[in-house]
2 protein chains.
Amino acid sequence: MVAYLEAMDKVFKALADPQRRLLLDRLFECDGLSLKDLVEGLDISRQAVAKHLHLLEDAGLVVIHWQGRVKLHYLNPIPIRQIHDRWISKFSVPRVQALVDLARDLEQSGKKGDEP
Amino acid sequence: MVAYLEAMDKVFKALADPQRRLLLDRLFECDGLSLKDLVEGLDISRQAVAKHLHLLEDAGLVVIHWQGRVKLHYLNPIPIRQIHDRWISKFSVPRVQALVDLARDLEQSGKKGDEP
DNA sequence: AAGATAGGCAACCATATGGTTGCATGTCAA
DNA sequence: TTGACATGCAACCATATGGTTGCCTATCTT
């Protein structure tokens, strides 16, 4: 149990940086990218991106697969789901989801009225 | 959209600290605690706890309600759900949940065999 | 009215974090 | 086999972060 919490600490630390979240976004929409692929569009050095990816991998949010000299990265959503389950009980899911959808709809209709 | 990402940045930063996650755990099991209540059992100063709670409040993970001179804290699970929805698509929820349950069961059976 | 209680604000400090640069290693392709 | 390419490792630096202490404000209670 304590080991689980320590493992999750790495997950939360890994998610704390916006660049790393962008990397996860990229992998979410297109799984199996290499380091070189992921460097493009981030405006920081390759070494910085590599460090980020190592943190994500160490946290278990990304799993890798070597293919020759290129390292492919895959998103692992399980820790994300575990975060969810920590503070949202099964019975409250529908209520919370309804509120999320409501908030999104309000955001949308607000956007429409922004520039008439 | 960019405002949404910036708002979520506060959420991830707030979740990055273990003490703050413990505070959320406390509120999850017993909503509506005061600062004084929450200080007990954390082994850091009241001011440190207050700072943590301010961060959680600013991130929208905790909502407060003044009752005289005592500040009551309530857990708001909506940002947690939004994290979930960012990287777990609706159609993949059953698969991911099955993997989470499997991992938990394996952890359990492993525990049993730990001390024979 | 006065002490006790619940909380806020600000300055300060040590460490953690994210970035850089420079160099090394291993694999593919001509 | 040799040069190009994909990635790893280490040292270093500026800033962010979490903690402390000291003092202030507001609200109960007697």
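In the text below, chain A, chain B and the rest are named by the order of the sequence lines, each starting its count at 1.
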Distance-only check: which donor-acceptor pairs under 3.5 Å involve side-chain atoms of residues 47-54 of chain A, not counting sequence neighbours?
{"from": "H52(A)", "atom 1": "ND1", "to": "R20(A)", "atom 2": "NH1", "distance (Å)": "3.0"}
{"from": "H54(A)", "atom 1": "ND1", "to": "A50(A)", "atom 2": "O", "distance (Å)": "3.1"}

Could you pull out every donor-acceptor pair under 3.5 Å between side chains of residues 21-36 of chain A and any protein atom, sequence neighbours left out?
{"from": "R21(A)", "atom 1": "NH1", "to": "L15(A)", "atom 2": "O", "distance (Å)": "2.7"}
{"from": "R21(A)", "atom 1": "NH1", "to": "A16(A)", "atom 2": "O", "distance (Å)": "3.2"}
{"from": "R21(A)", "atom 1": "NH2", "to": "D9(B)", "atom 2": "OD1", "distance (Å)": "2.6"}
{"from": "D25(A)", "atom 1": "OD1", "to": "R86(B)", "atom 2": "NE", "distance (Å)": "3.0"}
{"from": "D25(A)", "atom 1": "OD1", "to": "W87(B)", "atom 2": "NE1", "distance (Å)": "2.8"}
{"from": "D25(A)", "atom 1": "OD2", "to": "R86(B)", "atom 2": "NH2", "distance (Å)": "2.7"}
{"from": "R26(A)", "atom 1": "NH1", "to": "E40(A)", "atom 2": "O", "distance (Å)": "3.2"}
{"from": "R26(A)", "atom 1": "NH2", "to": "D37(A)", "atom 2": "O", "distance (Å)": "3.0"}
{"from": "R26(A)", "atom 1": "NH2", "to": "E40(A)", "atom 2": "O", "distance (Å)": "3.4"}
{"from": "D31(A)", "atom 1": "OD1", "to": "L75(A)", "atom 2": "N", "distance (Å)": "2.9"}
{"from": "S34(A)", "atom 1": "OG", "to": "K36(A)", "atom 2": "N", "distance (Å)": "3.4"}
{"from": "S34(A)", "atom 1": "OG", "to": "D37(A)", "atom 2": "N", "distance (Å)": "3.1"}
{"from": "S34(A)", "atom 1": "OG", "to": "D37(A)", "atom 2": "OD2", "distance (Å)": "3.1"}

Check your understanding: Going 5' to 3' along nucleotides 20-30 of chain D, which nucleotides have protein heavy atoms under 4.0 Å from the base (write B), which only from the sugar-phosphate (write S), and which from neither (write -)?
Key -> BBBB---BS--
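Between D37(A) atom CG and dA6(D) atom P the separation is 9 Å, expressed in whole Å. We find that NZ of K10(A) is positioned 15 Å from P of dA16(C), with the value rounded to whole Å. Separating the CG atom of D58(B) from the P atom of dG8(C) is a distance of 14 Å, rounded to the nearest angstrom. Note: CG (L15(A)) to C1' (dG18(C)) measures 16 Å, nearest angstrom. Atom CG in D9(A) sits about 9 Å away from atom P in dT17(C), given to the nearest Å. Nucleotide dT7(D) holds its P atom 13 Å from the CD atom of E57(A), rounded to whole Å. dT7(D) atom C1' lies 13 Å from atom CG of L38(A), rounded to whole Å. Atom NE2 of H54(A) is separated from atom P of dA10(D) by 11 Å (rounded to the nearest Å).
Partners of P77(B) according to the side chain to side chain contact (heavy atoms under 4.5 Å, CB included) rule, which considers only residues two or more places apart in sequence or in another chain, are I88(A), V96(A). Remark: S89(B) pairs with S92(B) by the side-chain hydrogen bond (donor to acceptor under 3.5 Å, both in side chains) rule, at least two apart or across chains. Taking the side-chain hydrogen bond (donor to acceptor under 3.5 Å, both in side chains) definition, one finds that R104(B) meets it with D101(B), sequence neighbours left out. Residues passing the salt bridge (charged side-chain N to carboxylate O under 4.0 Å, His left out) test with D17(B), sequence neighbours excluded: none.
Rounded to 10 degrees, the angle separating the terminal axes of the helix from dA1(C)-dT30(D) to dA30(C)-dT1(D) is 30°, with each axis obtained from five end pairs.
Using a 4.0 Å cut-off between charged side-chain N and carboxylate O, K71(B) and E57(B) make a salt bridge.
The listed nucleotides are dG8(D), dG19(D), dG8(C); the one nearest the side chain of H52(B) is dG19(D).
If you check residues 19-36 of chain A against DNA chain D, the residues with a heavy atom closer than 4.0 Å are S34(A), L35(A), K36(A), listed by number.
Cluster note: F91(B) groups with no other residue, as no ILVMFWY side-chain heavy atom lies under 4.5 Å from it. Membership of an apolar cluster is not assigned to V2(A), as no side-chain contact below 4.5 Å to another ILVMFWY residue is traced. Cluster note: V63(A) groups with V70(A), L72(A), Y74(A) through ILVMFWY side-chain heavy atoms spaced under 4.5 Å, whether in direct contact or through intervening members.
Using a 4.5 Å cut-off between side-chain heavy atoms of Ile, Leu, Val, Met, Phe, Trp and Tyr, with links allowed through other members, V100(B) and L61(A) fall into the same hydrophobic cluster.
Heavy-atom distances to DNA chain C give each of W66(B) and L55(A) a nearest nucleotide, and the one nearer the 5′ end belongs to W66(B).
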